[in-house]
Structures are given as structure tokens and as C-alpha cells.
Amino acid sequence: MTTAQTSELDVQPTPLALLLLGREADPKSERGVECPGDLPSPSDPDLVERARAAKEKLGDKVFVLGHHYQRDEVIQFADVTGDSFKLARDAAARPEAEYIVFCGVHFMAESADILTGDDQKVVLPDLAAGCSMADMATAEQVAECWDVLTEAGVADSVVPVSYMNSSADIKAFTGRHGGTICTSSNAERALKWAFEQGEPGATKVLFLPDQHLGRNTAVRDLGMSLDDCVVYNPQKPGGGLTAEQLRDAKMILWRGHCSVHGRFSLDSVNDVRERIPGVNVLVHPECKHEVVAAADLVGSTEYIIKALEAAPAGSKWAIGTELNLVRRLANRFAPEGKEIVFLDKTVCFCSTMNRIDLPHLVWALESLAEGNLVNRIEVDSETEHFAKLALERMLALP
């Protein structure tokens, strides 16, 4: 439907709808804003050579980070690959690099800026590379949630735990309120730490912004029941919860999710088991609880890679995570006779990760090589202070 048609129907597109259509920009959104400048054509046959030449010209001044979910055409130029937190730490370990080019999404580049030195500049090749999950919790919404918890008389017993996949603002909120950050690999340790911060049996956790990781960790790893968890919906008054529900809950889960991992279903698991006898189902903990419960193994991106590395030749695997990574792993381990398939029949790339393509990377590298700083991601000093406090609490976890 066109804008003209919506006008005829007296329907006005919302700011979010216009943002999703690429007709508006919001600098505070994880989706960022349009990429300035002229991009090279994606059909340019010299793109690979241009990227190589620009990177060579920059030398040690540039350090390129590539998230596991990136396209192969981009990953080939990464100095290191990994998940979001590993890459941010890798950047911090390279103080001699003036430019950190982060091939990932906005919140990852923010984390790299928080952890790197003041003289280092973090660049995101396409500012529109955001994270739909991170977008599901804004600073204003979380502040309103804290007001709701205060009115219910439970805020003093609540410890926020925020997933790495959150904006710098949410990390700063977490730091201000005595909480910690977690990754998908240390969420269990983070929750145990949080529940030890107050009186035994009285402490609650506000888990942001992925409800599935919070629920799966609480139930699967800590032995809680589903009844111990409630979901706070920021689109509803009071989060859609009563004061009594908030007082009775142990886990207050933010109503957010990953658009990639949320697609996998119990039907996907049942279907692949029927199609491939003897298959091992390995999924990411951002998947729905029923999918995690039906899987053989559950773990972070790094866990998935290590599990496949250790798998015996001839074994069969269905992987529930982003398709770029699954396809790369399938190709990598095919010579060893390991059969690796995508858990779902429907193709499911991370659309925002895929915004970082070769034209954007070439444009960013060539601009830097010419002395033009582009698409810098910079977190303000106050936000950085409290966000770093929350990150440091995570680093200090036993």
C-alpha cells in the first residue's frame, strides 16, 4: 500500500512504520539512520580487490571485527570473528588500532566504544544495521517499568539483568540500579549472582530484553517453574501485570525476542526428527521454551561451534540459529562427513546483520583510507560510565 493510498483511507503511517520502510530516520533507534555518501555498486566486480587494497593501505590503523552472523563476503575481511561480547573485548585488546570497524549491529559497536580507549574510533559500515530485539526496550519504557515496580512496592528487591543484546542506554540503566549484563553463555552465572544480592527468597530479577533467554535460563538451568516467571509488556498499562503478580514473581521478563530465533517452533523440531533419523537438535537459548525443551543440546553461538567441532564424523545435526552461520558451519564440516542442516525449512537470515554488505564495507574502508571518518559510533560519557559499570560486574562474575 502506498502513502497516497493510506491517505485516501485516512490512515496515517506511524513513525515506526515509516522507519521500517526506510522513509524516516531515528538516531536513537538501534536501526540508526541512512548511510551517507555514495556506495559502490554491488555489481562492481572489483569490490573484493578494493576492500583488500583499502585495508592494506590502513595497515595496523584498522581492526575489522566480524560477527558470526555476517555474510561470507564480509567475514573474509575480518581480523577476528566471534559473538558480540568476544568481539568487543578483542577490540579493547588492540589499543594500537585507531579505527575499529565493527561488522555487526549497532549495540555491538556501542559496546566496543564503551570498552575501547578514548582515542579509538568505532565505525559501523551501515548505521541502519540495528537489532530488532534491542529496539524492543527503550530507555523511556524501562524507566516507566521501574516506576511500575516502585508503585507495586517491589523495586527495592529487584535486580536488573540485561542481555548483551541491548542498547547502551539499557546497559546504563542496569548499571545505575545495581545490576549486571549477561551473554547467552553466562546467563546462568549472572542470574545466580543477581539472586544473591538481596535477602534469600525475596530477590527478584528484571530480565531485559529477551524473554526467552531469561525464561530458559531460569527454568532449565536454575530449576524454577514457569509460574515463577511473568512477562512485562511495555505496550500495556502497568506492563499488563497486577501488583500481586509482580510481588509473587521471581523473574520479571521483558516482552522482547529475537526475530531469527523466535521463528523456530516445536513443529520444526518434530519435522526434522522425522526427516533425518538420528539427528541431533542443537539450538540457541534465545529460542522459545518449548523448542529448547525439545532440543538435545542448547547453547550460545560459541557453544554451537565448539559442539560441532567435537562431534564425531558422520553425525547429523539440525541447528537452530542464524542461517549465515549454519551454512558456513555446514560447508566447514562437510569434509569430515558431518551433516549439518538448518532447523527450519524457511530461510531465515538476520535482516539487520545482513545490512553490512561488501559495498558498505568497501565504502567505510576507502573513506577511512582517505582520511574521512564515517559512521562513528560514540556513547556519551555518562551513559558509558554506568554501562561500563554493569559490564564490569559481568566480568567479575565467578
Side-chain angles (χ1 to χ4, degrees), residues 29-31 67-69 83-85 104-108 110-111 130-139 141-142 145 158-171 173-174 179-191 194 204-222 224 226 228-235 239-241 249-265 283-293 295 298-304 320-322 325 348 350-353 387 390-391 394:
S29 169
E30 267 290 311
R31 292 186 178 85
H67 191 273
H68 286 310
Y69 297 167
D83 61 15
S84 58
F85 187 60
V105 294
H106 197 274
F107 78 80
M108 299 178 187
E110 284 185 328
S111 296
C131 171
S132 58
M133 181 201 295
D135 275 345
M136 292 176 189
T138 67
Q141 289 173 330
V142 175
C145 171
V158 173
V159 177
V161 175
S162 293
Y163 192 21
M164 192 72 181
N165 299 28
S166 59
S167 68
D169 285 338
I170 301 306
K171 290 183 176 73
F173 166 89
T174 306
T180 187
I181 307 302
C182 76
T183 68
S184 52
S185 59
N186 70 5
E188 180 182 0
R189 280 182 290 156
L191 287 186
K204 307 173 188 298
V205 165
L206 170 63
F207 195 90
L208 299 151
D210 180 25
Q211 61 170 309
H212 300 305
L213 177 61
R215 181 183 295 107
N216 289 329
T217 305
V219 175
R220 184 175 180 275
D221 299 327
L222 298 188
M224 295 184 190
L226 290 174
D228 290 324
C229 308
V230 295
V231 178
Y232 182 95
N233 186 345
Q235 306 300 328
L241 298 169
K250 294 181 180 178
M251 290 286 294
I252 303 168
L253 307 170
W254 192 265
R255 192 176 185 271
H257 65 275
C258 170
S259 58
V260 170
H261 294 105
R263 291 181 60 93
F264 300 115
S265 66
V283 303
H284 195 282
E286 290 176 18
C287 292
K288 298 172 184 174
H289 181 67
E290 59 266 28
V291 174
V292 165
V298 182
S300 66
T301 303
E302 295 291 339
Y303 175 90
I304 290 172
T321 193
E322 206 274 339
L325 175 60
C348 187
C350 176
S351 59
T352 47
M353 279 280 189
L391 286 165
M394 180 181 75

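Using a 4.5 Å cut-off on side-chain heavy atoms (C-beta onward), Gln235 and Gln141 make contact. Taking the side chain as every heavy atom from C-beta outward, Leu206 and Val161 never approach each other to under 4.5 Å. Counting heavy atoms from C-beta on, the side chains of Met108 and Asn165 never come closer than 4.5 Å. Between Met251 and Arg215 the shortest side-chain heavy-atom distance does not fall below 4.5 Å. At a threshold of 4.5 Å between non-hydrogen side-chain atoms, the residues Met133 and Glu286 count as touching. Taking 4.5 Å as the limit, every side-chain heavy atom of Tyr303 sits out of range of all side-chain heavy atoms of Ser184. The shortest side-chain heavy-atom distance between Trp254 and Val142 falls under the 4.5 Å cut-off. Residues Leu213 and His284 fail the side-chain proximity criterion, which asks for heavy atoms closer than 4.5 Å.
A 6.0 Å sphere centred on CZ of Arg189 holds more than 12 heavy atoms belonging to other residues, nucleotides or ligands.
Aromatic ring pairs are classed by plane angle as parallel below 30°, tilted from 30° to 60° and perpendicular above 60°; the pair His261 and Phe264 is tilted.
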* To do: Show your working on side-chain contact (heavy atoms from CB on, under 4.5 Å) between Leu226 and Val219 and close with a plain yes or no.
  => CA-CA 7 Å; Leu226 290 174; Val219 175; 3.8 Å; yes
* To do: Tell me, with the steps shown, if His106 and Cys131 meet side-chain contact (heavy atoms from CB on, under 4.5 Å).
  => CA-CA 7 Å; His106 197 274; Cys131 171; over 6 Å; no
* To do: Start with the C-alpha gap between Cys182 and Phe207, add the side-chain angles, then the distance that decides, and say whether side-chain contact (heavy atoms from CB on, under 4.5 Å) holds.
  => CA-CA 10 Å; Cys182 76; Phe207 195 90; 3.9 Å; yes
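Shown here for Lys204 and Ile252, the closest heavy-atom pair between the two residues is CD-CD1, 4.5 Å. Minimum heavy-atom separation, Cys287 to Val292: O-CG2, 3.9 Å. The nearest pair of heavy atoms linking Leu191 to Thr217 is CD1-CG2, 3.6 Å. Listed here is the closest heavy atom pair of Val230 and Ala249: CG2-CB, 3.6 Å. The minimum heavy-atom distance linking Asp210 with Cys258 is given by the pair OD1-N, 4.2 Å. Shortest non-hydrogen contact noted between Ala139 and Asp169 is CB-CB, 3.9 Å.
Looking at Ser166, its side chain does come within 3.5 Å of a backbone N or O of Tyr163 through a donor-acceptor pair. Looking only at distances, no side-chain donor or acceptor of Lys250 sits under 3.5 Å from a matching main-chain atom of Val205. Side-chain atoms of Asn216 come within 3.5 Å of backbone atoms of His212 as a donor-acceptor pair (strictly under, hydrogens ignored). Looking only at distances, no side-chain donor or acceptor of Gln211 sits under 3.5 Å from a matching main-chain atom of Leu253. A donor-acceptor pair under 3.5 Å is absent between the side-chain atoms of Lys171 and the main chain of Leu391, judged by distance alone.
A side-chain donor from one of Asn186 and Thr183 sits under 3.5 Å from a side-chain acceptor of the other. Between the side chains of Thr301 and Tyr69, at least one donor N or O lies within less than 3.5 Å of an accepting N or O. Ser162 and Thr174 share a donor-acceptor pair across their side chains, judged by distance under 3.5 Å alone.
Scored by the salt bridge (charged side-chain N to carboxylate O under 4.0 Å, His left out) test, Glu302 finds no partners at all (sequence neighbours excluded).
Interatomic distance, OG of Ser300 versus CE of Met164, reported as 13.0 Å (0.5 Å rounding). We find the SG-CG distance between Cys145 and Leu208 to be 7.0 Å, quoted to the nearest 0.5 Å.
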